[in-house]
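Accompanying notes for the structure given below.
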Amino acid sequence: MPELPEVETIVRRLRKDLIGRKIESADLLWDRTLVTPKPAHFKKNIVGQSIDSVKRRAKYIVLPLSVDTLIIHLRMSGDILIRKDGEAIHKHDRLILHLSDGHYLAFSNMRKFGRVWFTPNPEDVLGKLGPEPLSDDFTAETLYKRLKNHKRQLKPLLLDQHFLAGMGNIYTDEALHLADLHPLSKSDLIRWKQAEILWRSIRKVLEEGIRQNGASIDWIYRGGDFQNYLHVYGRKDEPCFKCGTPIQKTMVGQRGTHFCPQCQKF
DNA sequence: ACGAGCGCCTGTCGGC
DNA sequence: TGCCGACAGGCGCTCG
């Protein structure tokens, strides 16, 4: 489900509900959700810690607590819901945190790919991530230099969280189309001008995604509207908005990949 | 270093 | 209608 704009949307909502709340108890409903520590240690030590802030790093939700840090990755099908005490838990809830204000936090995760870390050292989890695409120090020059450091297909490289942290399948397809770049183009062959346009395109699709509160696709609806602004993703066989050529769908790095064969030449 | 293939999971959709 | 494979917003692993 979530890429950077969807996670940012969730984080902004959680900020209103969670800051200052104390965690009174935790129920782990699917043990493999928790990467570290052991469930018993987790359930014992999280009790009594309060939530100091709600942050995002790439696609990770980061909750600095009074002592440790709780980190959540939603992967494909995760979401975070806040419900009132007494409301029934849902079928796909994997972790419940009971809060001090009469609500509980539910980590819903149908496909069970999502993961949670509870650690005193958040850098162990987040330390190897690439640059944050919307931060001030991610410049067009930065992107250009990093592209030149690899000889890789553009799309898998943009999806590599060590290269750039936060892009996912939808926003990568959209950014490459906006920049008129083929998903299989080799990164070291990108010219400066193209890199600058790609940099601007990445920022633009992410910012617009956040402005629209993310994309709501399939059965999971969270109120975002970016699905109405997609130019290639999910538009196989429909005309390119720039040139009218039917959008093609192929597989690149085992991911469905949408592009315009006219605008995005190899 | 790079890319392909697979595993992890549950659910939906399209084709036969 | 029912079955069955393909596919889904992610990522870590192995292998060549």
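Each chain gets a letter, A, B and so on, in the order the sequences are listed, and its residues count up from 1.
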- Message: Between B:dC8 and A:Phe113, is there a base-stacking contact, meaning the centre of the base's six-membered ring lies under 5.5 Å from the residue's ring centre while the planes stay under 30° apart?
- Response: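 Here the ring of A:Phe113 and the base of B:dC8 are stacked, with centres under 5.5 Å and planes under 30°.
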Just the rounded figure in Å: distance from [atom2] of [N] to [atom1] of [X].
X	N	atom1	atom2	result
A:His162	B:dC2	NE2	P	13 Å
A:Arg152	B:dG3	CZ	P	6 Å
A:Leu157	B:dA4	CG	P	14 Å
A:Lys128	C:dG12	NZ	C1'	12 Å
A:Asn109	B:dT10	CG	P	11 Å
A:Arg146	B:dA1	CZ	C1'	15 Å
A:Trp30	B:dT10	CH2	C1'	11 Å
A:Tyr60	C:dG12	OH	P	6 Å

Would you indicate which nucleotide in [options] comes nearest to any side-chain atom of [X]?
X	options	result
A:Gln153	B:dT10, B:dG3, B:dC9	B:dG3
A:Met110	C:dC7, C:dC11, B:dG11	B:dG11
A:Gln254	B:dA4, B:dT10, B:dC2	B:dA4

May I ask you to verify if any side-chain N or O of [X] is less than 4.0 angstrom from the OP1 or OP2 atom of [N]?
X	N	answer
A:Lys151	B:dG3	no
A:His92	B:dG11	yes
A:His73	C:dC11	yes
A:Gln161	C:dC11	yes
A:Lys112	B:dG7	no
A:Lys186	B:dC2	no

- Message: Regarding A:Lys145 and A:Glu141, does a basic nitrogen lie under 4.0 Å from an acidic carboxylate oxygen?
- Response: no
- Query: Is the shortest side-chain N to carboxylate O distance from A:Asp101 to A:Lys22 below 4.0 Å?
  - Reply: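 Looking at A:Asp101 and A:Lys22, the cut-off is not met.
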- Item | A:Lys242, NZ: over 12 other non-hydrogen atoms inside 6.0 angstrom | yes
- Message: Any N or O donor-acceptor pair under 3.5 Å from the base of C:dA8 to the side chain of A:Arg111?
- Response: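 Between C:dA8 and A:Arg111, which were checked side chain against base, a qualifying N/O pair under 3.5 Å is present.
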At under 4.0 Å between heavy atoms, what does [X] touch on the DNA or RNA strands: base, sugar-phosphate, or nothing?
X	result
A:Met167	nothing
A:Tyr233	sugar-phosphate
A:Gly256	sugar-phosphate
A:Lys155	nothing
A:Arg32	sugar-phosphate

- Item | Pairing pattern in dot-bracket form [Watson-Crick, G-U; both distances under 3.5 Å; | = partner strand] for DNA chain B | .|||||||.|||||||
I'd like the [atom1] distance from [M] over to [N], given in whole Å.
N	M	atom1	result
B:dG5	C:dA8	P	15 Å
B:dC6	C:dA6	P	12 Å
B:dA4	C:dC7	P	16 Å
B:dC9	C:dG2	P	29 Å

What orientation do [X] and [Y] show, parallel under 30°, tilted 30 to 60°, or perpendicular over 60°?
X	Y	value
A:Tyr171	A:Phe226	parallel
A:Trp117	A:Tyr60	tilted
A:His258	A:Tyr233	tilted

- Close aromatic pair by centroid cut-off 6.0 Å: A:Phe259 and A:His177: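 Between A:Phe259 and A:His177, the centre distance exceeds or equals 6.0 Å.
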- Query: A:Glu196: what forms a salt bridge (Lys or Arg N to Asp or Glu O under 4.0 Å) with it, not counting sequence neighbours?
  - Reply: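 Result, salt bridge (Lys or Arg N to Asp or Glu O under 4.0 Å) vs A:Glu196: A:Lys193.
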- Item | Residues A:Asn121 and A:Thr119: side-chain donor-acceptor under 3.5 angstrom |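 There is no such pair between these side chains.
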